[in-house]
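A short worksheet on the structure shown next.
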2 protein chains.
Amino acid sequence: MVERAADLIDADGSAALSLAALAGAFGVRTPSLYNHVGGLDDLRGALRLRGLEMLEQRLQRAAVGRAGRDALVAVAGAYRDFAHEHPGLYGLTLGAGGGESDTVRDAEAAGAAAARLVEVVLSVLRGYRLEGEDALHATRALRASLHGFVALESAGAFGLKLDLDVSFERLIDLHHRSLAERSSRG
Amino acid sequence: MVERAADLIDADGSAALSLAALAGAFGVRTPSLYNHVGGLDDLRGALRLRGLEMLEQRLQRAAVGRAGRDALVAVAGAYRDFAHEHPGLYGLTLGAGGGESDTVRDAEAAGAAAARLVEVVLSVLRGYRLEGEDALHATRALRASLHGFVALESAGAFGLKLDLDVSFERLIDLHHRSLAERSSRG
DNA sequence: GTTATAGCCTAATCCTCTTAGTTCGTCAAG
DNA sequence: CTTGACGAACTAAGAGGATTAGGCTATAAC
């Protein structure tokens with residue numbers, strides 16, 4: 001159910017998520033969906049959770065067995081790939097944190113998934129021997145750059161024909177060098 | 001008209017923009033709005049244009065008379081301030097580039113405003129003696145970081161209590177150092 | 001003074017989400 | 001085998017929101 005909804009949203013954009021469309025995909029009348037989900041907001045909450053969990057899992061996998069620059073590049077690449085493959089899910093993942101009226105369980109689980117996600121990034125930074133507040137600020141900086149890049153990319157906000165892969169590479173390299181420098185100084 | 005809509009969207013969030021609410025704010029019935037605007041999509045297009053123009057103007061003002069690090073910090077701060085003061089407008093500004101069916105004029109004007117916006121950032125980078133593709137990649141990196149930061153900030157995605165101003169400062173500093181280094185090497 | 005236009009209105013249509021109440025089939029307990 | 005509970009579908013109905021069509025009035029242009 002949530003899977004089908006995820007397919008819909010990834011294929012046709014976040015605005016295309018409607019109970020009517022979802023019911024159609026199941027060959028069922030709209031009100032019948034209320035036997036399985038609390039409503040549209042609820043469904044969004046479930047999708048958000050799903051997105052966070054998938055993203056976290058991908059980053060985790062990308063990070064395992066790597067350290068330093070390798071880990072950074074792998075995790076960043078995994079992040080961007082996820083956003084490309086699941087634009088709808090990715091969009092919801094960021095949407096208003098505790099938004100409205102998700103199922104309480106979903107909201108809690110989403111918070112936990114988000115925390116694990118930050119954990120993964122932190123673990124990458126640990127490879128640079130960063131700890132404490134420095135690591136937290138660096139995590140924020142990295143998340144901001146990653147999210148900003150894929151968001152602008154998805155929105156088509158990068159007008160020029162300049163190679164996006166190169167831009168992304170450089171952005172990550174920028175972080176790498178800053179982290180390496182900070183690390184060698186500490 | 002568009003101004004009132006902008007107030008609405010900044011006060012109550014992007015989802016609260018409805019023709020009904022706008023008509024209410026004017027003490028008028030919903031269909032009457034069609035004498036002034038082509039429809040909801042059209043209104044969004046006009047708002048997007050307005051947001052881009054305001055943002056561009058602010059960055060422009062922040063950059064004038066400054067160079068190098070000063071200019072970078074001022075422009076970045078102006079960017080973040082705008083997003084804080086006009087969260088609704090800012091959100092639309094990024095929304096799908098040529099989205100759907102804006103008025104053609106608006107779409108063109110929005111493209112032009114976006115181009116001018118990039119121009120401002122490029123002019124800041126020129127203070128670092130960056131030119132050509134390097135400058136374009138750096139512009140993308142900077143835009144990505146700025147947008148990502150304010151977007152995550154607005155979404156409440158930065159969970160921890162850690163001071164956001166400090167995080168932002170460090171992010172900008174990161175770009176500054178990278179630019180300065182690149183500049184001294186070139 | 002007549003006409004054109006701008007801008008408002010009501011009425012009506014079409015969507016979407018949502019709730020309430022009903023029906024039907026399955027499955028376990030007696 | 002009967003019966004009762006439960007899950008999951010349905011129809012009916014209502015509340016909003018966008019949009020179109022057609023009609024009324026006032027003001028500005030000739």
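Letters A, B, ... are given to chains in the order of the sequence lines, protein chains preceding strands, and every chain is numbered from 1. Please read all numbers here as calculations on a predicted model, not as lab measurements.
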So, [X] and [Y], do they make that salt bridge, N to O below 4.0 Å?
| X | Y | value |
| --- | --- | --- |
| A/Arg44 | A/Asp41 | yes |
| A/Arg170 | A/Asp165 | no |
| B/Arg48 | B/Glu53 | no |

Between OH of B/Tyr34 and C1' of D/dT19 the distance, given in whole Å, is 5 Å
Whole-Å distance, B/Leu40 CG to D/dG16 C1', equals 14 Å
Distance alone, cut at 3.5 Å: any donor-acceptor contact between the side chains of B/His84 and B/Glu153?
yes
Is the A/His147 ring parallel, tilted or perpendicular to the A/Tyr90 ring (thresholds 30°, 60°)? tilted
With sugar-phosphate taken as primed atoms, P, OP1 and OP2 and all else as base, the protein-contact string of nucleotides 8-13 of chain D at under 4.0 Å (heavy atoms; B, S, -) is BBBBB-
Closest non-hydrogen atoms of B/Ser18 and B/Ala21, given as atom of the first, atom of the second and distance, are OG-N, 2.9 Å
Original post:
Does NZ or CZ of A/Arg58 fall inside the cone over A/Phe82's six-membered ring, less than 6.0 Å from its centre and within 45° of the axis?
Top reply: no
Apart from B/Val166 itself, members of its ILVMFWY cluster (side-chain separation under 4.5 Å) are none
In numerical order, the residues of residues 3-25 of chain A whose heavy atoms come under 4.0 Å of DNA chain D are none
